[in-house]
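What you are looking at is a predicted structure, and each value in this text was computed from that prediction instead of being measured. Throughout, a chain's letter reflects where its sequence line sits, starting with A, and its residues are numbered from 1. Note that these values count all heavy atoms, side chains included, but never hydrogens, waters or copies made by symmetry.
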Amino acid sequence: MLNDNQTTADQHDENEVERVRRAKMEQIAALGVSPWGAKFERSHTAKDILELGENRSKEELDELAIHATIAGRIMLLRDQGKAAFAHLQDMTGRIQIYIRQDIIGEDAYKVWKLLEMGDIVGATGTIFKTKTGETTLKVVGLTLLTKALKPLPEKYHGLTDVEVRYRQRYVDLIVNPEVRDTFIKRSKIVQGVRRWLDERGFLEVETPTMHVIPGGAAARPFSTHHNALDMQLYMRIAIELHLKRLIVGGLEKVYEVGRVYRNEGVSTRHNPEFSLLELYWAYTDLRDIMDLTEGLIASVCQEVNGSTKIQYQGTAIDLTPSWRRVSMVEAIREVVRIDFSAQMSDEEARELARQHKVKLENHYTFGHIVNEFFETFVEGTLVQPTFIFGHPIEISPLAKKNPDDPRFTDRFELFIVGREHANAFSELNDPIDQRERFEKQLAEKEAGNDEAQEMDEDFINALMYGMPPTGGLGIGMDRLIMLLTDQPSIRDVLLFPHMRHQ
RNA sequence: GGGCUCGUGGCGCAAUGGCAGCGCAAACGACUCUUAAUCGUAAGGUUGUGGGUUCAAGUCCCACCGAGCCCA
């Protein structure tokens, strides 16, 4: 029984519509019917019934008299006095039901009259076609499964307020079928990635998401605290360093699809927590990882879209392998006619940056400037899938040096529609070099780069046991899903995107 | 962090600085093959919050809260 406070609290903000719904709930209960239902066995889904009706005439269906039991939410209701049509929605779609007082009986029809859009019911009956040809279930028995105490949004225009759609995704999912389709597709993409990797002998693993040292990427972490051990912990910003420890351990082909957390702004491409695929493959290098990346993305795209040629926000994108491969310095040379493969001092590079009004920070040396040129002038122009390789060593502290020019590394990033979609290296496996790279990162941190990486002594320790030459890859799953589902914002592929507290 | 745009019944939208309206849903009534069913009747609002200008503010100004887009 409700106490007085609870009653007050529950009804405090109720509007007229909600008061009426609550009154109907009470009337239903008074008729001896539970408004909250119980387990209900279905024989068919909405889609099953539509398929049974397809390619069958009205007469054939009547003769077959197929019996079916379904359940779903009432989405449309056309009451005609002693009969009614309604559309029930389940996870597979919508199916029309036809209810007549003379079939279900006066008592059952009295309950039906108290139902409205948004309520969830079970219905059993036979499949037939209306005179307009719509496959419909003629109901002989109706069961209320759940009474909805709030009304659905407008039945034709649905819910368009993006704030409400993100904050109350459950309502968005009820009334916007294309939203549901996007998230079903998201699940298929993630599943497709896993299957593709599993079929090739990769081992899926799970590593800690709370790190003592936040490493493996240039990003600010979220920090937290472990009370019992009284220690500072960070939510991981990458999976990299743990997976490479597993390569040292001999697991040779490993991957993890998991959530990482970066303490930065929110935009159409950034959410504080997002899903990352990382993969490491012993005895391979950058070239093998390029081949793998092409194969993986093209295959998953084919699987979910039926083609490797897709449209993204009105732009045709061709994901059919092989994709263009071009070095970062060459890509810059093509666009701004500067050749960074030439030897030059940090000061000469800084001068070029000033001339071209490229962002320049205090700690910047040659390689940072090359990267700024790339991000400023080239990145946005890479619409079709393009591997950019040969990143400066300063921004790649975990990648092997290029044997021909140690200012650059054996690293690539994949760009599609002007956005970074993947990041990969021939992994640095020299512990002495790795220690020096970490030390340079610490020096950058001193110089004011708060995204510089930290020294991870245990990771160095692991490398000292010997990590075989290894190719590694990271793919931002949310951006890949945006691309493959043609969604403009990362929030449209996250069920519950991060929102400011109301 | 900066710029622009937005916030009006449960939902979708209107309203030259001058009586806050329409549609859907919901209420009451009619209707046993409807398709956003239809027809009739009646109801629902402190216009995000707080200040200001004005005879008069949903509308103009300021601040704050929230959202979207663009930029950093």
Item to complete: Tell me what A/R100 touches on the nucleic acid: a base, only sugar-phosphate, or nothing, going by heavy atoms under 4.0 Å.
Response: base
Worksheet item: Base, sugar-phosphate, or nothing for A/S267, non-hydrogen atoms under 4.0 angstrom?
Response: nothing
Between [atom2] on [N] and [atom1] on [X], what's the gap in Å once rounded to a whole number?
X: A/E154; N: B/G9; atom1: CD; atom2: C1'; result: 14 Å
X: A/R165; N: B/G12; atom1: CZ; atom2: P; result: 11 Å
X: A/E163; N: B/U8; atom1: CD; atom2: P; result: 10 Å
X: A/E106; N: B/U32; atom1: CD; atom2: P; result: 14 Å
X: A/D172; N: B/C11; atom1: CG; atom2: P; result: 14 Å
X: A/L152; N: B/G10; atom1: CG; atom2: P; result: 15 Å
X: A/Q313; N: B/C69; atom1: CD; atom2: P; result: 11 Å

Worksheet item: Within the modelled atom types, does a donor on one side and an acceptor on the other bring the side chain of A/E134 and the base of B/U34 under 3.5 Å apart?
Response: no
Worksheet entry | Base B/C11 to side chain A/D161, donor-acceptor N/O within 3.5 Å cut-off | no
Fill in: Check against side-chain contact (heavy atoms from CB on, under 4.5 Å), A/V260 and A/F274
CA-CA 6 Å; A/V260 300; A/F274 62 99; 3.4 Å; yes
Spacing of the [atom1] atoms in [M] and [N] (rounded, Å):
N: B/G12; M: B/G2; atom1: P; value: 30 Å
N: B/A42; M: B/C28; atom1: C1'; value: 7 Å
N: B/C61; M: B/A43; atom1: P; value: 37 Å
N: B/U5; M: B/A20; atom1: C1'; value: 23 Å
N: B/G18; M: B/C69; atom1: P; value: 33 Å
N: B/G50; M: B/C55; atom1: P; value: 23 Å
N: B/C19; M: B/A15; atom1: C1'; value: 12 Å

Item to complete: Give a yes or no on whether A/E41 atom CD has more than 12 heavy-atom contacts from other residues, nucleotides or ligands under 6.0 Å away.
Response: no
Practice prompt. Inspect the surroundings of NZ in A/K309 and state if more than 12 heavy atoms from other residues, nucleotides or ligands are less than 6.0 Å away.
Written response: no
Worksheet entry | Plane angle bin for A/H368 and A/Y364 - parallel if under 30°, tilted between 30 and 60°, otherwise perpendicular | parallel
Discussion item. Are A/Y234 and A/F222, when compared by the centres of their aromatic rings, separated by less than 6.0 Å?
Written reply: no
Discussion item. Check for me whether the distance between the ring centres of A/F408 and A/F340 falls short of 6.0 Å.
Written reply: no
Discussion item. Measuring to OP1 and OP2 of B/A26, would you say a side-chain N or O of A/R21 lies under 4.0 angstrom away?
Written reply: no
Worksheet item: If only side-chain N and O atoms of A/R167 are considered, is one of them under 4.0 Å from the OP1 or OP2 phosphate oxygen of B/A67?
Response: yes
Fill in: Least distance between heavy atoms, A/A422 atom then A/L473 atom
CB-CD1, 3.9 Å
Worksheet, complete the sentence: When every non-hydrogen atom of A/L114 is compared with those of A/D119, the smallest separation belongs to O-OD2, 4.4 Å
Practice prompt. Taking the six-membered ring of A/F128 (Phe, Tyr or Trp), confirm whether the NZ or CZ of A/K138 is under 6.0 Å from its centre and within 45° of its axis.
Written response: yes
Worksheet entry | Base-pairing string, 5' to 3', of RNA chain B - Watson-Crick or wobble, under 3.5 Å, | interstrand | (((((((..((((....[..))))..((((.......))))......(((((..]....)))))))))))).
Taking only the side-chain heavy atoms of [X] (C-beta and beyond), determine which of [options] contains the nearest atom.
X: A/V17; options: B/A26, B/U32, B/A67; value: B/A26
X: A/T130; options: B/A26, B/C33, B/C69; value: B/C33
X: A/K131; options: B/C33, B/A36, B/C69; value: B/C33
X: A/K155; options: B/A37, B/A27, B/U34; value: B/A37
X: A/K24; options: B/A26, B/C33, B/C70; value: B/A26
X: A/T160; options: B/U32, B/A26, B/C13; value: B/C13
X: A/R78; options: B/G66, B/A37, B/U32; value: B/A37
X: A/E116; options: B/G10, B/A27, B/G66; value: B/A27
X: A/F128; options: B/C11, B/A36, B/C33; value: B/C33

Practice prompt. Report the residue (A/H501 or A/K359) whose heavy-atom-nearest nucleotide on RNA chain B is the more 5′ of the two.
Written response: A/H501
Fill in: 5' precedence on RNA chain B between A/L76 and A/V20 (nearest-nucleotide basis)
A/V20
